[in-house]
Amino acid sequence: MAAPESSPSLKVFNTLTQRKESLDPLRPGEVRLYVCGPTVYSYVHLGNARTFTAFDVVVRYLRYRGYRVTYVRNLTDVDDRIIQAAQASHEEPRLLADRFVQAFDEDVRALGLLEPDVAPRVTDNMPEILALVQKLLDAGAAYASDGDVFFAVSAWPGYAKLSHRNVEELRAGEGGVAGERKRDSLDFALWKAEKPGEPAWDAPWGRGRPGWHIECSAMAVKFLGQPFDIHGGGLDLIFPHHDNEIAQSEASAKAPLAKVWMHTGFLEMENAKMSKSLGNVVRLRDALARVDAEALRLFFLSSHYRNPLVFSEAALTEAERRLEYFYETLQRVDERLALREVQMAATLGDSGRFLRAFERSMDDDFNAAEGQAALHALFTEMNLLLDRPPVTDRDRVACTLAELRAEVRPFGQVLGIFQQSPARWLEWRRDRLVERRGLDRARIEALIAERAAARKARDWARADALRDALATLGVELRDSAAGTAWKVRDEP
RNA sequence: GGCGCCAUCGCCAAGUGGUAAGGCAAGGGUCUGCAAAACCCUCAUUCCCCGGUUCGAAUCCGGGUGGCGCCUCCA
C-alpha cells in the first residue's frame, strides 16, 4: 500500500473549477469528506444508491491508498416533504422520519455500504444550526422577517459560483418572488416560522424550524471543520443546495466551505432521470430482492461516476452473470490451492501488475469502469493457469495462483465485492434460481444419476437425451473427473 | 431564455492532442464420448454531421443535428 504522500497522482474532478485536480488534502494524509445523505420521507431508490455507492468506493479507495478518511453522511429528518408525508399518513413527522432512517440503514447495509464515521441528524444538531443562523444575522448576511429568517444573497458576492450562474440571470428567471417578506427573489430561508401542527424549536427570532440548506452547512462544519476537503452529492444538488451551503458557510466564516466539490451523474430510466417527483423510481430494496447486492454495485461501477447510467434489467442480469464468473473462478482457485501442500516456488508473470493497472485507473478521478478491465484480466489469468498452465511445474503454477488470489482481495475491498465465500455465493444464487424456475431438486438429482448410469453403460443417446431434458428445465451440467455438477441458467 | 452535460462496434462502455481499453453478444478453434465451463483467435482505418486549428483530433475551436439535466422538490 502506497503512503499518501507518495501518490500525488490521485486526480479528482472539482465541480467548482470544472477540472481535474491533484488531491492535496488540507491536513497531510487525512481526507475529510461530507456527502449529502437522504431526506428521510420515503425509501431510497436506485438513483440515490448509485450516488452513495460511488462515494462508498471513493472512501474505500482513499483508505486503501493510506489516507485517514473521516466520512460524514447526514440524514435530513426535518423537511417540508417529511411533514407532507406525515400528514398524508396521519403520523408524527418524527416517527415517520425514524421509520425511514431505519429503512435507509437496512437498505444501505444490504448494499454493502460502509458505515459513515458520523451520520448526523438535523434534530440532534439544532444548537449548531441556531448558532449559524445567529452568526449570519449578526454579520448582516441574513435578516429576520415575520419569524422567517432569510439569507441575503446580495450580501454575498460569490453567490452561485459552484453552478457558474449569473445572479442577474437567475433573478430574471422564474425563481422565487420578492415581496414583503423576502427582499430579493433569490434570498432563501435559513429558518421557517412555526406553523400549526409542524415540528418547531425555540429561537431568539421566533419558534420554527431550519430551512433546507442550513443543516448541511452546520453539520459539515461541526464534524469536519471549515474548510474541509471534499463535499459530494448528486448532480441535482449543485444548485441551489450546494450553492446555498457555500453562501451560508462562507459568508459566516469568511473561509471556503470545502476545497473540492464532487457530483455524481444521474441514473436514468428510459431517457429520463430517475426521481421521486417523476415517479419513475425503483426502490433499492425492491432491486435487491431481485439481484445480488454485489452485482448491483458492479452495475453502478460499470460507468464512470460522473456519467449518466441507464438502468435496465438486462444490465443487471449481465452484471450478476459476470459476478458468477468471478465467484466460479475464485472457487476453482480455492479448490486447487486446497488440494495439496505447495512447495515455495518462483512465480510466473509480473507480480502485482493487475493491481497497479487498477490503481492507475482509480487514481484518475476514481475511474472504476476503466479499472474493471484490470479485474477481468486478472481473472482471465487465473483461469488460464487453472486450465492451460504455461509451465508443467505444479508448484510454480500453484504459487502463482496463490499470488493472484491475494491480488484479488484489494479489488474486492475497494469495490465492495467478493465479500462472500465463493461456495456460499454460488449456492445462494443457485438456490434462488431453483426457486425462481420452480425446480425440484430431487428430480434433478435423479435425472443426473440416471444419466450417470447411462454414461457408465456408454449409452450416449440416453445420456444426451437426459441432458437435453435437463437443459429444457434450465439446468446446465458440468461433467468432470469428480462427477457431474449442475447449475441453473438465469434466463428462461 | 440562461447555465451545463451527453452522442465511440449489434448492446453496455473506457479513452479528452499521438494514432480506438474492457464486458456482453456473434463467428472460428482448443478441450470434451457429445456438451457445458474455461482458454485462444476474429470482430470500429474509425469515434453523430459539416467546417477549422495542428506534423498529428474521437479528443481543441466554430456551426449544425439529436438526447438529457439544472434554473421549483430531487442523489
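Please read all numbers here as calculations on a predicted model, not as lab measurements. Naming convention: chains lettered A, B, ... in sequence-line order (proteins, then strands); numbering from 1 in each chain. Only heavy atoms go into these numbers, but all of them, side chains included; no hydrogens, no water, no symmetry mates.
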- Using a cut-off of strictly less than 4.0 Å, decide whether A/S312 has a side-chain nitrogen or oxygen near OP1 or OP2 of B/C12. no
- Crowding at CZ, A/R353 (>12 non-hydrogen neighbours, <6.0 Å): yes
- Are A/R165 and A/F239 in a cation-pi setup, meaning NZ or CZ lies under 6.0 angstrom from the ring centre and within 45 degrees of the ring axis? yes
- Side-chain donor/acceptor contact of A/D79 with base of B/C73 under 3.5 Å: no
- Message: Mind checking if A/S275 touches a base, just sugar-phosphate, or nothing, with heavy atoms under 4.0 Å?
- Response: base
Identify all side-chain donor-acceptor contacts of residues 465-476 of chain A below 3.5 Å with residues at least two apart in sequence or on another chain.
{"residue": "A/T472", "atom": "OG1", "partner": "A/D468", "partner atom": "O", "Å": "2.8"}

- Residues from residues 317-325 of chain A lying under 4.0 Å of RNA chain B - heavy atoms: A/E318, A/R322, A/Y325
- Item | Charged N-O contact under 4.0 Å between A/R297 and A/D56 | yes
- Query: Checking A/K20 against A/F13: charged group under 6.0 Å from the ring centre and within 45 degrees of the axis?
  - Reply: no
- Listed nucleotide nearest any side-chain atom of A/R478, set B/C71, B/A75, B/A36: B/A36
- Message: I'd like to compare against my own output: the B/S/- annotation of nucleotides 2-8 of chain B with a strict under-4.0 Å heavy-atom distance to protein.
- Response: BSS----
Which pairs of donor and acceptor atoms, one on a side chain in residues 308-322 of chain A, lie under 3.5 Å apart (sequence neighbours left out)?
{"residue": "A/S312", "atom": "OG", "partner": "A/A315", "partner atom": "N", "Å": "3.0"}
{"residue": "A/E313", "atom": "OE2", "partner": "A/R290", "partner atom": "NH2", "Å": "2.5"}
{"residue": "A/T317", "atom": "OG1", "partner": "A/E313", "partner atom": "O", "Å": "3.0"}
{"residue": "A/E320", "atom": "OE1", "partner": "A/D292", "partner atom": "N", "Å": "2.9"}
{"residue": "A/E320", "atom": "OE1", "partner": "A/R432", "partner atom": "NH2", "Å": "3.1"}
{"residue": "A/E320", "atom": "OE2", "partner": "A/R429", "partner atom": "NH1", "Å": "2.7"}
{"residue": "A/E320", "atom": "OE2", "partner": "A/R432", "partner atom": "NH2", "Å": "2.3"}
{"residue": "A/R321", "atom": "NE", "partner": "A/D490", "partner atom": "OD2", "Å": "3.2"}
{"residue": "A/R321", "atom": "NH2", "partner": "A/D490", "partner atom": "OD1", "Å": "2.9"}
{"residue": "A/R322", "atom": "NE", "partner": "A/H376", "partner atom": "NE2", "Å": "3.1"}

- Message: Over all strands shown, is A/H45 touching base, sugar-phosphate only, or nothing at heavy-atom distances under 4.0 angstrom?
- Response: base
- Between the base of B/G33 and the side chain of A/R458, is there any donor-acceptor pair under 3.5 Å? no
- Note on the structure: Re B/C5: Watson-Crick or G-U wobble partner, both distances kept under 3.5 Å, found to be B/G67
- Query: Under the 3.5 Å rule, do the base of B/G15 and the side chain of A/N367 count as making a donor-acceptor pair?
  - Reply: no
- Message: Listing request: all side chain to side chain donor-acceptor pair (under 3.5 Å) pairs with a residue in residues 32-41 of chain A, at least two apart in sequence or in separate chains.
- Response: A/Y34-A/N74, A/T39-A/R81
- Quick one: does A/V69's side chain get under 4.5 Å of A/R60's, heavy atoms only? no
- Using a heavy-atom distance cut-off of less than 4.0 Å, which residues of residues 102-115 of chain A contact RNA chain B? none
